[in-house]
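These notes concern the structure reproduced below.
These numbers come from a predicted model, not from an experiment.
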Amino acid sequence: MNQQWMSRLQDFGPFRVILNHLKNANAFPESEEKLTHLSYESWQRQFLGARLTLAFELALFSYFVRIAINLFHLLHGNPFIHKEILIQTVGAFNLILGMVLLRTRGGRNHLGWLFLGFAWALEMNEQIIETLGGVFESPLGDRVRPELLGWAFTFFFQATIIPVRWPLHLASQMMILGYYFAINTALGFDTLPQGNSATGYLFLTMFWVCLICDLSVYLYERLQRAEFKSRQKLEIAYRELEMTEYKFRSIFENAVEGLFQSTPDGRFISVNASLARLYGYRSPEEMIACVTDIRHLYVNPRQRDLFLERIQEQDAIMGFESQVYRADGSKTWISENARVVRDVRGNVVAYEGNVADITERKQAETEIRKALETEKELNQLKSRFVSMISHEFRTPLTTILAASEALECYGDRWDEEKKKLYLKRIQNTVHQMSYLLGEILILARSEAQKLPFNPAPIDLEGFFRDLVEEMQLNLQANQTLEFHVRRPNEQSRDRPPRMDEQLLRHIFSNLLSNAIKYSPRGGKIELTLTTDRDRAICTVEDEGIGIPPEDRKHLFESFHRAKNVGTVPGTGLGLTIVQRSVELQRGTITVETELGKGTKFTVILPLELEENRENEDNFGDRR
């Protein structure tokens, strides 16, 4: 309730002006912010000037009130107030003169004289007028009464309103009391009261009044000096703190790495601009407002729990790597260094640290791992290649060597038919080696992205019929090879399909050869062609040995052969060449297999292929 009344009173215009005026007259006004550039003496001079202004204003207001009261009495016929009006008018004039001088440079340079002038306006005018009145109105020997109450009021007024430079207060007291006792006594006036006890009371009272006033001013000055020095030191400390805070803030805001402070429950207290940019926010304020739970930043929320476990165990954590979400939902990798901040009782109040973006490093590590894996695969591929070459070439070379040695040793004794048989054996073996070398060459050219791609109009059904006739020669006992054509869409095409015939031969000759080779118990092998307006769907299905589950993921790898092939010859290159040829023609290949029951390959190829497709597409990127 009292606060409400005080608030309303302070909002009242005139009262607010008075309060502001009094604030400016304080020892340390709120407007005075910098004291380090001042000495105590220069500040004391400013304070003395402000307090003199206040003293003059209060005294002048008091005189005006008293003059108004006396004028009121004078208008009502009171004859005893003429002298008082004169005293008050002269005093008011002296106060006005002092206020005018206080606003001049000379007055501001001689504040001590204005202080004495203030005492003159309060007491000396009245004493001088009393003295003159005694001279002109009374015979010599009359007494002039002492103004004990007026002197005490003046001295206390000066000590409370203008508590500066106690020597000035002593000079003022000496001036007032000296005039009264010295001048009036010299003029023959009786200045002391009647009776020894009254005289002693007068001197004792004035002694204690002057002593109390001078002592209080002296102690107040000492207190002011100590407070001034303390405020100067405090201001210097605040300035140093401000500079330190500015440097810290500058480092915090301009750091290249992201810096943060967060609460244990997962809210950011402060972040710098670098951290906000790292997470994709426009400003630190936006990030603090949007991220209400740090746990949600982690791609794996368990990482936050792990972070808290480690930092609570060790009070610090270094190089903690995590994948986090950015503001737009994208992911990035970060590395965190953080420590625990505790209060005086040892309770955890915050975590603070720095965050670095390590996405590029992680990508480099991934590339290095891929390179190492590729190198490992190449080494394995090289080992398989060497093993295959040594196996696949040793057998035909042994056959050629044996046949040639037999011809050399026994040729003169054999008839022409037997010689032709051995020569035929050598030729077949050479053709087999030539085919093997051809497959290796095709694979090498596909690896180097130099496999020819020449699409041209083709009679697809005629191509498959010719291929089936050729493969019929390789059939084993109890094996049949059938070719089927299906046309779900009876609408004929305007022009023949465009495909690369050589690549088609690589694909389907290998698939049919494998179907024949891996069907040792015989059975039916079917090649089915299904066409519509945009694509050709070709299937090769057999009733052979099938492919084990553990080998299916390596089916199209170079030199890889399933574990159940036994002694069936092969290089492990056929399906690799098939896949590369299919991909080069923008097609797809899938496989369905069941161990011991057979395998079905499905190849889907577009019917329209342009010649410049090879230049537009990067074969290596399609792998």
Side-chain angles (χ1 to χ4, degrees), residues 52 55-56 58-60 62-63 66-67 69-70 73-74 78-98 101 110 112-162 165-215 217:
L52 278 173
F56 276 119
L58 290 175
L60 187 61
S62 173
Y63 271 118
R66 291 165 63 186
I67 290 173
I69 293 173
N70 288 328
H73 286 293
L74 182 64
N78 191 338
F80 302 105
I81 60 173
H82 297 83
K83 185 190 294 184
E84 291 184 8
I85 292 177
L86 176 64
I87 293 171
Q88 292 160 5
T89 303
V90 173
F93 174 78
N94 289 334
L95 289 173
I96 294 173
L97 180 62
L101 292 175
H110 298 86
W113 291 108
L114 288 178
F115 181 91
L116 296 177
F118 175 74
W120 183 285
L122 291 183
E123 283 295 327
M124 291 300 296
N125 290 322
E126 184 175 356
Q127 289 196 26
I128 293 172
I129 291 174
E130 289 285 349
T131 300
L132 293 177
V135 170
F136 294 105
E137 297 178 6
S138 302
L140 293 178
D142 288 355
R143 57 182 295 275
V144 178
R145 56 187 177 84
E147 292 288 340
L148 180 62
L149 184 62
W151 296 338
F153 174 79
T154 300
F155 299 156
F156 278 117
F157 184 81
Q158 289 177 320
T160 54
I161 302 300
I162 322 172
R165 298 181 185 175
W166 70 269
L168 289 178
H169 290 262
L170 183 60
S172 172
Q173 296 160 8
M174 297 297 294
M175 177 184 70
I176 293 173
L177 296 177
Y179 174 86
Y180 175 79
F181 289 105
I183 300 300
N184 287 327
T185 300
L187 292 176
F189 293 108
D190 185 7
T191 58
L192 295 174
Q194 300 296 325
N196 293 331
S197 60
T199 301
Y201 175 77
L202 173 65
F203 281 106
L204 187 61
T205 301
M206 293 314 305
F207 170 78
W208 282 111
V209 167
C210 293
L211 179 63
I212 291 171
C213 291
D214 295 343
L215 187 60
V217 172

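Using a 4.5 Å cut-off on side-chain heavy atoms (C-beta onward), Ile162 and Phe118 make contact. The side-chain heavy atoms of Tyr63 and Asn94, taken from C-beta on, include no pair separated by under 4.5 Å. Contact of the Trp151 side chain with the Thr205 side chain is not registered, since no non-hydrogen atoms from C-beta on lie closer than 4.5 Å. Proximity of Val90 to Phe93: side-chain heavy atoms (C-beta onward) are nowhere separated by under 4.5 Å. Within the 4.5 Å cutoff, the side chain of Phe153 has no heavy atoms near those of the Leu122 side chain. Gln127 has its side chain out of reach of Ile183: every pair of non-hydrogen atoms, C-beta onward, lies at least 4.5 Å apart.
Across all their heavy atoms, Leu60 and Leu95 have their closest contact at N-CD1, 3.5 Å. Contact record, Glu123 with Ile176: CB-CD1, 3.8 Å, taken as the closest heavy-atom pair. Summarising the geometry of Leu114 relative to Gly98, their closest heavy-atom pair is CD2-O, 4.1 Å, with the distance given to 0.1 Å.
Atoms CZ and CE, from Phe155 and Met206 in turn, are 4.5 Å apart once rounded to the nearest 0.5 Å. The CG atom of Leu148 sits 6.0 Å away from atom OH of Tyr201, with the distance rounded to the nearest 0.5 Å. The distance from atom CZ of Phe207 to atom CD1 of Ile212, rounded to the nearest 0.5 Å, is 9.5 Å. Atom CG of residue Leu215 and atom CH2 of residue Trp166 lie 10.0 Å apart, to the nearest 0.5 angstrom. Distance CG/Leu177 to CD/Glu147: 12.0 Å, rounded to 0.5 Å. Distance NE2/His169 to CZ/Phe156: 12.5 Å, rounded to 0.5 Å.
No donor-acceptor pair closer than 3.5 Å links the side chain of Ser172 to the backbone N or O of Leu168. No donor-acceptor pair under 3.5 Å is formed between the side chain of Thr185 and the backbone N or O of Ala182.
Ring geometry for Phe181 versus Phe203: interplanar angle under 30°, hence parallel rather than tilted (30 to 60°).
Surrounding CG of Leu204 are more than 12 heavy atoms belonging to other residues, nucleotides or ligands, all under 6.0 Å away.
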